[in-house]
Amino acid sequence: MQRTNNDSRSTIKIPGTEAHFLDPLESGKGGPGRLRYLSGGKGPALVLLHTVRTQAEHFRHLIPLIKDRYTVYALDLPGMGYSEIVPGASYEEPAMREAVKSLITRLDLRDVTLLGESMGATLALTTAADLPERVRRVVAINAYDYAGGIARSSLLARFVVAGALAPVIGQTIAGVQPKPIVRAVLRGGLGNKAALRNDYLDELLKVGRRPGYPVVARAVYGNLPSLIAARARYPEVSAPVHLIYGETDWSRPSDRQANQQLLPAAEFVQVPGTGHFIVLERPDVAAKVLNDVA
């Protein structure tokens, strides 16, 4: 059953939205658990899917720009944000896709636009492949589906990710989050470093202190092979697709061209001066795409 909870526990409030929770249909080890999402606005359904190691508040600057034309559903992916951390749960692409599909089908959303950034972009595309009768459009921003991933960002990012994935000590390293290091890693995904607001960084660090979160972080960093494998589903997407990339995104031109070949009918846009987190740097770019086709 859907359950509403006005206290999202987040330190960031997005005007016009409220936090809700979707309880699992079945309790037990290994499922996605209770999912938290933000909703608000009016118009056709728009589902927002965030990046690696972030949460629904990633869209804090985009939602105000589009909430007069869409009813927004910004999901905390399993184990992330304030969605439940379930011992033994999978954080590979198929499991996270099932959580996205659960939100859409259990709320009986139709004529849905899916917008995802990074990992969320890959999930938007694979979800559209699975639910062609419900999805009308996909906006995929900096799809995270290539070898290396965040490790391409900087030497520091490579060290952090390699440490988190290391046997035995990986979980301990994943749980150590000094603010300067997290700030530096995230800024490696930005053209405009000032786009990482201090209150958002504090919110991510607060979430990172949740019991069990180091396990989630480690698993999410390690799920890249499943995201790469998910590219095989892209040609099955029948809805119109917009592929958006930042000029200095971690993906290489060859990665972008490969996705263009898989989705030859997609509209392709490259945004000058931006990196991996376009929604933080240039929310107006995504808002224009969305509002133009609303």
Side-chain angles (χ1 to χ4, degrees), residues 49-55 58 77-80 90-96 116-123 125-126 140-193 195-196 200-201 204-205 207-208 213-232 234 243-259 270-271 273-281:
L49 304 173
H50 61 79
T51 73
V52 171
R53 179 49 184 94
T54 64
Q55 59 195 74
H58 187 74
L77 291 167
M80 288 168 262
S90 170
Y91 295 97
E92 297 204 343
E93 186 277 332
M96 291 192 292
E117 184 161 76
S118 182
M119 174 175 67
T122 299
L123 292 173
L125 288 164
T126 57
I141 304 174
N142 288 328
Y144 190 78
D145 55 10
Y146 43 84
I150 191 174
R152 292 183 182 178
S153 172
S154 65
L155 181 61
L156 177 61
R158 288 196 292 275
F159 173 79
V160 169
V161 173
L165 295 177
V168 183
I169 63 169
Q171 186 173 322
T172 300
I173 292 175
V176 177
Q177 299 186 21
K179 186 173 182 178
I181 290 179
V182 176
R183 178 191 290 114
V185 170
L186 291 175
R187 282 183 171 176
L190 294 167
N192 173 16
K193 310 304 182 186
L196 179 63
Y200 182 49
L201 177 58
L204 296 179
L205 291 169
V207 165
Y213 199 86
V215 175
V216 176
R218 186 170 189 250
V220 170
Y221 287 138
N223 78 354
L224 181 55
S226 73
L227 294 169
I228 296 171
R231 294 181 65 251
Y234 292 179
L243 290 175
I244 301 176
Y245 284 96
E247 182 180 23
T248 61
D249 178 49
W250 304 326
S251 62
R252 299 183 178 121
S254 58
D255 300 319
R256 304 173 198 188
Q257 291 164 6
N259 281 347
Q270 184 165 282
V271 185
T274 61
H276 191 67
F277 302 117
I278 291 178
V279 168
L280 296 184
E281 293 190 78

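What you see below is based on every heavy atom in this structure, not just the backbone, and it leaves out hydrogens, waters and symmetry mates.
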Practice task
Compare every heavy atom of Thr126 with every heavy atom of Leu123, then report the nearest pair and how far apart it is.
Solution key: O-OG1, 3.3 Å

Practice task
Quick one: list whatever passes side-chain hydrogen bond (donor to acceptor under 3.5 Å, both in side chains) with Thr54, sequence neighbours left out.
Solution key: His50, Thr51

Handout entry: Ser118 and His276, any side-chain heavy atoms less than 4.5 Å apart
Key = yes

Handout entry: side-chain contact (heavy atoms from CB on, under 4.5 Å) between Leu204 and Val182, intermediate numbers included
Key = CA-CA 9 Å; Leu204 296 179; Val182 176; 5.7 Å; no

Practice task
Quick one: sort the Phe277 and His58 rings into parallel, tilted or perpendicular, breaks at 30° and 60°.
Solution key: perpendicular

Practice task
Look up atom CD in Glu281 and atom OG1 in Thr248, then write down how far apart they are to the nearest 0.5 Å.
Solution key: 7.0 Å

Practice task
Supply the atom-to-atom distance Leu186 CG to Lys193 NZ, rounded to the nearest 0.5 angstrom.
Solution key: 10.5 Å

Problem - Partners meeting salt bridge (charged side-chain N to carboxylate O under 4.0 Å, His left out) with Arg152 (sequence neighbours left out) - result: Asp255

Practice task
Examine the side chains of Arg252 and Gln257 and answer whether a donor and an acceptor come within less than 3.5 Å of each other.
Solution key: no

Exercise for the section: With the side chain counted from C-beta on, respond yes when Tyr213 and Met80 share a heavy-atom pair under 4.5 Å apart, and no when they do not. Expected result: yes

Handout entry: Pairwise side-chain contact, Val271 with Ile244, heavy-atom cut-off 4.5 Å (strictly under)
Key = yes

Exercise for the section: Kindly indicate whether the side chain of Glu117, heavy atoms from C-beta on, has any atom under 4.5 Å from the side chain of Tyr144. Expected result: no

Problem - Short side-chain to backbone donor-acceptor contact, Thr274 and Gly191, under 3.5 Å - result: no

Problem - Gap separating the CG atom of Asn259 from the CZ atom of Arg231, nearest 0.5 angstrom - result: 4.5 Å

Problem - Min side-chain heavy-atom separation Ile278-Asn142 under 4.5 Å - result: yes

Exercise for the section: Would you name the heavy atoms of Leu190 and Ala195 that are closest together and state the gap between them? Expected result: CD2-CB, 4.2 Å

Exercise for the section: Locate the shortest heavy-atom distance separating Ala143 from Tyr234; write the atom from each residue and the value. Expected result: CB-OH, 4.2 Å

Problem - Set of side-chain hydrogen bond (donor to acceptor under 3.5 Å, both in side chains) partners for Arg187, sequence neighbours left out - result: none

Exercise for the section: Answer yes or no: is there a donor N or O on one side and an acceptor on the other, between the side chain of Arg53 and the main chain of Val220, under 3.5 Å? Expected result: no

Exercise for the section: Would you please name every residue forming a salt bridge (charged side-chain N to carboxylate O under 4.0 Å, His left out) with Asp249, sequence neighbours left out? Expected result: none

Exercise for the section: Please name all residues satisfying side chain to side chain contact (heavy atoms under 4.5 Å, CB included) with Ser154, sequence neighbours left out, ordered by chain then number. Expected result: Leu156, Ala157

Practice task
Evaluate the side-chain proximity of Val207 to Gln55: yes if any heavy-atom separation is below 4.5 Å, no if none is.
Solution key: yes

Practice task
Please report the shortest heavy-atom distance between Gly189 and Ser153, naming the atom on each side.
Solution key: N-OG, 4.2 Å

Using atom types as modelled, flag every donor-acceptor pair under 3.5 Å from a side chain in residues 223-230 to any protein atom, sequence neighbours excluded.
| residue | atom | partner | partner atom | Å |
| --- | --- | --- | --- | --- |
| Asn223 | ND2 | Tyr91 | O | 2.8 |
| Ser226 | OG | Glu93 | N | 2.9 |
| Ser226 | OG | Asn223 | O | 2.7 |

